[in-house]
Student: 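Input: one structure, supplied below.
Model, not experiment: these values are computed from the prediction.
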Amino acid sequence: MTVTVLRQTATVAAVATLALALTACGGEEKKTEDTGKADASASAAAKPDVTALPAADLEKLLVTQADLKGYKVQPAKPGEHVMAGDVSADKAVCEPLAEALSWAAPGTPGASATVKTVSVPDQKKGSFEGALGALAAPVTSVTLGSYAGEGARQALASLKAAGTECAGGFTIHGGGVATKVTKVQPDSVTAGDEALAWTVVRDMEGEPFITKLAVLRKGNNLAGFATLSISGEVEEQPKTVIDAQAAKLH
């Protein structure tokens, strides 16, 4: 039991290391294509009345402790707030998924902000099983991105294409760390103006590691949700977190 738990903890540490290492690479990791930036600029010119929210306003739209009963809400540490340009994939079409999985707002947002939410399970005081349940509680990153012009629609469209084209797997690169995604399966979420969701399976030392990923669009803002557990298994999308965040967007 103890060996299994320690191995699972090491697995999650490897996933976390990827996200943390991405910021260390600064501008070293470059997107293989600049079409997203060009498209966003063109869309902004076509719709000059649609502008991205500044970071300070976007942060006010993030879910807080008051919005989520049964969860602990924590601000993301500086090293955990990854920018889209800090992560890449071996297949250009898969980069939007790599970004969303790494807690980054995909595409070319004008601003982005992130918090972490941790489900607080019911547990019996002094119970070993209860303690393990708390340790393996799902953690969901909530990342908001605000876009100019048609940037939000385009980012979601690129995610939809990636979900199809990258179903058989791809490799995420960032900060000198590579993680193999073996499968991307469509999932179901209804929220905002439109939403997409997937179950993503990564290979961690030969063991499957599951992440539930969802992204919704509300107006010119996107909200991304990446949920994982040290157990390597996540059974469902974080509907409570998604609904609470969707309600705060306008």
Side-chain angles (χ1 to χ4, degrees), residues 31 33-64 67-68 73 75-76 80-87 92-117 140-164 186-198 212-227 237-250:
K31 284 184 172 295
E33 296 180 349
D34 291 328
T35 55
K37 292 182 179 180
D39 289 344
S41 297
S43 295
K47 290 193 174 185
D49 57 316
V50 179
T51 59
L53 291 174
D57 289 346
L58 191 62
E59 289 174 359
K60 295 175 182 177
L61 295 178
L62 279 167
V63 287
T64 65
D67 302 314
L68 288 169
V73 180
E80 295 173 334
H81 191 185
V82 181
M83 304 304 291
D86 296 329
V87 62
V93 69
C94 303
E95 287 187 2
L97 279 176
E99 292 165 351
L101 285 166
S102 303
W103 302 14
T108 55
S112 62
T114 303
V115 294
K116 296 179 294 184
T117 70
T140 298
S141 65
V142 182
T143 299
L144 297 186
S146 189
Y147 301 74
E150 289 289 311
R153 292 178 184 273
Q154 291 175 343
L156 199 66
S158 69
L159 282 165
K160 184 175 183 179
T164 299
D187 207 340
S188 179
V189 162
T190 301
D193 296 330
E194 53 182 331
L196 299 170
W198 306 268
K212 289 287 188 177
L213 182 65
V215 181
L216 69 86
R217 181 184 67 81
K218 183 67 176 179
N220 65 321
N221 299 317
L222 290 187
F225 310 85
T227 304
Q237 294 286 348
K239 186 176 185 301
T240 299
V241 178
I242 292 172
D243 289 346
Q245 183 58 74
K248 296 197 71 170
L249 295 176
H250 52 74

Student: Let me have the donor-acceptor pairs involving side chains of residues 54-64, under 3.5 Å, with sequence neighbours excluded, atom names and distances please.
Tutor:
from	atom 1	to	atom 2	distance (Å)
Thr64	OG1	Ala66	N	3.4
Thr64	OG1	Asp67	OD2	3.0

Student: Determine the minimum heavy-atom distance between Pro109 and Gly145, stating which atoms define it.
Tutor: CB-CA, 4.3 Å
Student: How long is the span from the CD atom in Glu99 to the OG atom in Ser158, to the nearest 0.5 Å?
Tutor: 7.5 Å
Student: For Ala152 versus Tyr147, what's the shortest heavy-atom pair and its separation?
Tutor: N-CB, 3.4 Å
Student: Could you tell me the separation between the CG atom of Leu156 and the CG atom of Leu196, rounded to the nearest 0.5 Å?
Tutor: 4.5 Å
Student: How long is the straight-line distance from CG of Leu97 back to OG of Ser102, given to the nearest 0.5 Å?
Tutor: 10.5 Å
Student: Measure across Trp198 and Val215 and return the closest heavy-atom pair with its distance rounded to 0.1 Å.
Tutor: CZ3-CG2, 4.4 Å
Student: Measuring from atom CG of Leu216 to atom CG of Leu249, what distance do you get when rounded to the nearest 0.5 angstrom?
Tutor: 6.5 Å
Student: Quick check on Lys160: does its NZ atom have over 12 non-hydrogen neighbours (other residues, nucleotides or ligands) under 6.0 Å away?
Tutor: no
Student: What pairs with Ala197 under side-chain contact (heavy atoms from CB on, under 4.5 Å), at least two apart in sequence or on another chain?
Tutor: Asp187, Val189, Ala214, Gln237
Student: Nearest heavy-atom pair of Pro96 and Pro106: which atoms, and what distance?
Tutor: O-CB, 4.1 Å
Student: Could you name each residue pair satisfying side-chain hydrogen bond (donor to acceptor under 3.5 Å, both in side chains) that touches residues 238-247, not counting sequence neighbours?
Tutor: Lys239-Asp243
Student: How far apart are the closest heavy atoms of Gly192 and Ala246, and which atoms are they?
Tutor: N-CB, 4.4 Å
Student: Once you round to the nearest 0.5 Å, how far does CH2 of Trp103 lie from OG1 of Thr114?
Tutor: 8.0 Å
Student: How far apart are the closest heavy atoms of Leu68 and Ala244, and which atoms are they?
Tutor: CD2-CB, 3.6 Å
Student: Rounded at 0.5 Å granularity, tell me how far CD in Gln154 sits from CG in Leu159.
Tutor: 12.5 Å
Student: According to the salt bridge (charged side-chain N to carboxylate O under 4.0 Å, His left out) rule, which pairs have a member within residues 213-225, sequence neighbours left out?
Tutor: Asp193-Arg217, Asp193-Lys218, Glu194-Arg217
Student: Indicate yes or no for a side-chain donor-acceptor contact from Asn220 to the backbone of Ser146 under 3.5 Å, with no hydrogens or angles considered.
Tutor: no
Student: Quick one: side-chain hydrogen bond (donor to acceptor under 3.5 Å, both in side chains) partners of Thr117, sequence neighbours excluded?
Tutor: none
